[in-house]
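Written below as structure tokens is the structure these notes are about.
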Amino acid sequence: MKSAVIVFPGSNCDRDAAVALEQATGTAPLMVWHRDTDLPDVDLIVLPGGFSHGDYLRGGAIAARAPIMQEIVRRGHKGVPITGICNGFQMLTESGLLPGILMRNAGLKFICKDVFIEVSDNTTTFTNAYAAGQTLRIPVAHNEGNYFADDATLKQLEDDNRIAFRYADETGAVTTAANPNGSTRNIAGIYNESGSILGLMPHPERAIDPRHGGVDGVGFFTSIVKALSA
Amino acid sequence: MSLANQSVNQAAAAEHGLSTSEYDSMMSIMGRTPSVTELGIFSVMWSEHCSYKSSKKWLMTLPTTGPQVICGPGENAGVVDIGDGLAAVFKIESHNHPSFIEPRQGAATGVGGIMRDIFTMGARPVANLNALRFGDPDHPKTRHLVSGVVAGIGGYGNCMGIPTVGGETNFDPAYNGNILVNAMTVGVAPANKIFYSAATGIGNPVVYVGSKTGRDGIHGATMASAEFSEDSEEKRPTVQVGDPFTEKLLLEACLELMATDAIIAIQDMGAAGLTCSTVEMADKGGVGIELNLDEVPIRETGMTPYEIMLSESQERMLMVLHPGEEDIARAIFEKWELDFAIVGTVTDTGHVVVKSGADIVADIPVKPLVEASPLYDRPWEPSTPRPVLAPDTAMENKDPMVALVQLLGSPNGSSRRWIWEQYDHMVMGDTVQRPGGDSAIVRLHGTNRGLAITTDCTPRYCAAAPETGGRQAAAEAWRNLIAVGATPLALTNNLNFGNPERPEIMGQFVECVKGISAAATALDFPVVSGNVSLYNETNGEAILPTPVIGGLGLIDDIDQTVAVGFTDVAQDVILIGDTTGWLGASAYLKTVEGRDEGAPPPVEFEVEKRNGIFIRDLIRDGAITACHDISDGGVLVAVAEMAMAGNIGASVNSSGKTPLLAWLFGEDQARYVVTTKDSEAIVSAAKMHGVSATIIGRTGGVALTVDDTHTISVKALQESHEYWLPNYMAAP
Amino acid sequence: MTTQTSSALKAKVLITLKNGVLDPQGKAIGHSLAALDFKGVGEVRQGKFIELELNQTDPDAAYAKVEDMCKRLLANTVIEDYTIEIIT
Amino acid sequence: MTTQTSSALKAKVLITLKNGVLDPQGKAIGHSLAALDFKGVGEVRQGKFIELELNQTDPDAAYAKVEDMCKRLLANTVIEDYTIEIIT
Ligand SMILES: Nc1ncnc2c1ncn2[C@@H]1O[C@H](COP(=O)(O)OP(=O)(O)O)[C@@H](O)[C@H]1O
Ligand SMILES: [Mg+2]
């Protein structure tokens with residue numbers, strides 16, 4: 001399985017994503033600089049976390065207009081699996097690959113801590129190693145993770161079962177208290193229509209090592225490997 | 001800057017903060033009337049901040065060497081060998097005055113500045129820490145300052161992608177008019193590829209990279225050396241705005257260039273900007289440098305040479321390159337969309353010569369400028385010793401659990417979670433002990449080894465007995481490294497004091513330095529870098545003496561470390577070290593009884609070492625399951641913190657030690673609480689090593705109980721511990 | 001980006017949150033104002049203000065260009081509206 | 001803070017960085033516009049726009065009040081300037 005991590009000026013979870021991918025796939029991903037003109041054929045594209053362009057204007061906004069994003073959008077429409085983590089999720093919404101937008105956290109503060117998320121559907125490229133309804137403990141670290149979309153979009157997401165993860169408490173109950181950032185309907189991650197593109201705020205690449213953030217993120221990467229190497 | 005238009009005379013020099021004798025020595029070095037630009041250069045080079053004129057005499061007494069030390073004080077940061085061909089590069093730096101004026105930007109640029117010091121030496125930063133001191137929580141400015149400083153530190157470090165893994169935070173009315181923001185960064189570099197700042201090679205190009213130069217922070221360096229007064233609001237426009245995004249690019253570009261062999265010398269532009277970096281690079285290399293200001297990338301129109309030389313715009317670096325490597329370097333900086341300009345050459349004149357258009361605007365001999373920089377032996381008064389209090393000084397019928405809750409829920413005793421959750425402490429995937437423990441542990445990427453890092457200082461001890469306070473600060477840092485299983489390697493220090501022209505303040509400084517020096521020598525814990533921040537006072541009210549110690553330790557195997565939290569039920573709780581019930585200058589007396597009295601606990605290095613090495617070996621042998629050093633609040637607070645972190649209760653037995661409150665809350669030094677599955681082995685090993693070890697309790701249940709009579713649930717402790725700071729910050 | 005003193009025009013762009021979109025920053029400001037004892041303050045909304053120097057002379061062309069900038073970058077039209085003013 | 005439809009006045013406040021203060025956001029926007037091939041864009045500066053409903057009727061009193069708000073909360077006068085417009 002071949003993967004690429006796109007590096008933007010200000011990306012800072014690119015190495016973490018690469019470590020996780022290498023651990024899961026056995027090969028290091030290609031690290032592609034945002035100004036590189038050609039993107040090799042890969043099975044998976046990762047838009048990593050960080051502060052691309054300093055998060056200036058809006059998180060992910062400037063990166064989403066980078067020339068390489070046109071190619072990424074094209075691949076996305078062709079069905080190439082893409083995942084955007086944190087700042088990468090913001091790029092996906094800003095580029096129109098996913099609906100809605102990630103606004104400033106309701107508490108107006110950066111927030112870095114472990115949260116629990118509930119896996120809605122375990123049949124997707126990104127979640128097949130989990131059980132449906134499983135609760136994962138995964139870190140978040142962001143300033144703008146407050147998902148917003150209009151009611152029609154939200155209904156569509158719900159109807160199509162495209163809400164990938166919701167913030168929950170330790171027992172899996174989706175409650176207001178468990179929502180770290182004010183996100184609409186506790187949304188922590190969403191899919192595109194076909195399920196080939198996933199954006200999520202929590203960092204599965206920070207939960208692949210018992211010494212660091214736990215291992216609940218490992219399934220995310222093994223799911224991908226299983227889905228894409230088959 | 002009206003100053004720029006003045007003709008240079010004694011009055012102008014005085015406005016630049018030069019004394020009469022400094023003015024005279026400038027005149028004799030120059031042998032003519034200096035230009036305004038030259039005066040500006042003298043004034044910043046001779047400011048307290050750049051010249052260390054009040055402190056140098058005493059700093060020279062600190063022990064700075066050891067087999068592990070690759071580079072001690074004098075360069076951008078200290079460098080120690082950490083084995084396997086790697087070096088750790090670290091330093092702490094203050095940004096106190098700017099953070100008081102504009103907390104968010106002041107703190108942010110402080111973090112940016114210390115990170116530049118680290119990557120200038122070729123190291124990738126792997127961890128940030130921050131030591132903060134704020135005024136009385138009830139002071140009208142405090143909340144705003146806390147919120148701004150934390151947002152600024154987080155904003156900068158988070159954007160850079162460097163985890164902020166620890167620090168300390170105190171509140172005391174002595175900081176009402178003068179908060180302290182000390183930022184520490186640790187980086188890792190190949191031990192054989194450290195970059196230094198000595199310019200060499202006559203004719204070699206001098207290159208400017210990073211952001212453009214604007215009118216930011218002109219006279220920041222002299223401001224950081226002047227006491228605050230009511231009108232310091234006037235100095236506001238000198239505050240710089242940080243751009244962490246540009247610094248992230250600068251970091252990556254510099255490390256990319258450093259992987260080639262293009263760089264001869266490199267120096268970041270910090271305080272006093274282009275002036276300080278040019279003079280230091282020339283001085284260290286024993287050469288001259290000629291600068292052409294027309295080539296300096298400028299952000300604003302109409303900047304004068306004076307302004308360009310003194311600007312403190314952030315995110316800039318100066319380098320000397322090997323001739324012929326300019327294009328390689330330029331291509332890298334252009335890739336990262338940063339400015340790159342050849343602004344000068346290394347010369348054999350021994351002068352810094354600054355040109356602007358057809359004019360020479362400054363021509364100063366480097367050696368005299370640096371060597372004649374004033375050094376003072378300021379008069380100092382020894383401190384008056386406080387009486388030693390007897391253990392029965394504590395209130396007789398105070399319920400210990402009520403006191404415990406009070407301590408854990410007090411401004412100085414409560415959890416700092418509200419702060420560290422605003423810091424990305426996990427990015428880079430190597431934080432194996434997060435904030436909240438004794439030391440943070442950051443794994444060396446791709447290995448099973450790690451660095452332990454902490455910052456420590458107990459200002460109330462330093463105020464009560466400065467030398468003891470200095471000894472204690474260094475010993476506590478050492479202890480915090482030990483407590484996770486690390487071997488302490490070296491320390492960095494940030495000496496924050498009031499106005500050194502007052503003999504009693506200078507006395508605090510001198511005695512604290514003596515204490516640190518004694519501890520560093522005795523504990524093989526040399527001082528490899530540091531920073532001095534003086535004149536921390538407003539309208540004559542000085543801060544508490546606050547010599548912050550940043551400690552670094554090495555861990556050979558991160559699987560042989562422990563944390564503070566209880567790990568299981570039915571384990572024995574052992575107290576290591578001697579307990580006399582020392583309540584003088586304790587948190588208990590101050591917080592619970594409102595008494596700031598008594599001599600602080602003495603620090604005995606022989607005991608310190610014996611106990612510490614014993615603990616570290618236990619951790620390495622896997623003999624203990626949790627460890628916490630005892631500091632503020634004594635044994636009971638330490639046990640409570642272990643219970644809260646592990647979510648497991650414990651029963652503690654004083655075995656009739658009296659007075660009970662002194663035994664529970666006294667702050668005797670060199671002590672630890674550990675838990676184990678096999679206490680017999682530990683007690684007998686302790687006996688063999690001459691270490692005192694007492695089984696004082698057992699883990700289990702959901703409550704913390706003392707002598708079967710006093711009890712409180714762990715949940716109630718957690719609630720009171722976690723309540724204060726977020727609740728305080730949520731109030732309008 | 002260079003600083004051009006010869007710019008003939010300036011554009012001022014206000015970017016505001018659409019009606020109905022929650023504005024936590026505005027709300028927080030409202031709270032703080034109340035805490036500072038400012039009475040009679042109704043809703044508070046926070047937006048962005050962007051000023052641009054444009055090196056051109058025709059205000060209509062400038063307007064069209066800035067509108068294009070808003071659509072393509074400056075505003076996120078999922079939640080934001082923009083208004084443009086060209087100053088000659 | 002309550003939403004008062006009976007507010008008699010609105011205040012619009014623009015908060016801009018003082019001249020000479022570095023504006024990293026404006027700089028990044030300028031870069032991005034250039035990358036999107038917008039030509040002839042000079043300096044770009046980003047500020048804040050705050051709209052307030054005020055439950056009072058006298059525009060002069062309202063102005064004075066909002067100015068006080070700017071000094072005490074809305075603007076960081078160390079690095080920012082503000083301009084106020086009262087709309088009746
Ligand atoms: N400003 C801060 N930033 C990050 N972590 C902090 C800060 N202040 C305190 N901490 C963390 O809170 C914990 C408790 O701090 P402290 O009581 O000073 O510890 P100790 O007594 O062991 O030195 C430590 O893990 C420390 O790193
Ligand atoms: Mg400790």
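By convention in this document, chain letters (A, B, ...) are assigned in the order of the sequence lines, proteins followed by strands, and residues within each chain are numbered from 1.
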Legend entry - Contact summary for B/Gly242 and D/Pro24, nearest pair of heavy atoms: O-CG, 3.8 Å
Inset, instruction - Identify the heavy atoms of D/Gly20 and B/Arg299 that sit nearest to each other, and give their distance. - result: O-NH2, 2.5 Å
Legend entry - Listed partners of B/Glu300 passing side chain to side chain donor-acceptor pair (under 3.5 Å), at least two apart: B/Arg215
Inset, instruction - Assess whether atom NZ of D/Lys10 is packed by more than 12 heavy atoms of other residues, nucleotides or ligands within 6.0 Å. - result: no
Inset, instruction - Side chain from CB out, backbone as N, CA, C, O: work out which of these in B/Gln314 comes under 4.5 Å of a heavy atom of chain D, or both, or neither. - result: neither
Legend entry - Approximate separation, where rounding is to 0.5 Å, of B/Phe245 CZ and D/His31 NE2: 7.5 Å
Legend entry - side chain to side chain contact (heavy atoms under 4.5 Å, CB included) evaluation trace for D/Val21 with B/Gln240: CA-CA 7 Å; D/Val21 173; B/Gln240 310 100 317; over 6 Å; no
Give every donor-acceptor pair under 3.5 Å between a side-chain atom in residues 79-88 of chain D and any protein atom, sequence neighbours left out.
residue: D/Glu80; atom: OE1; partner: D/Asn76; partner atom: N; Å: 2.7
residue: D/Tyr82; atom: OH; partner: D/Glu67; partner atom: OE2; Å: 3.2

Legend entry - Contact winner vs chain B - D/Asn19, D/Leu17, D/Leu22, heavy-atom pairs under 4.5 Å: D/Leu22
Legend entry - Heavy-atom contact with chain D under 4.5 Å, split by part of B/Thr246: side chain
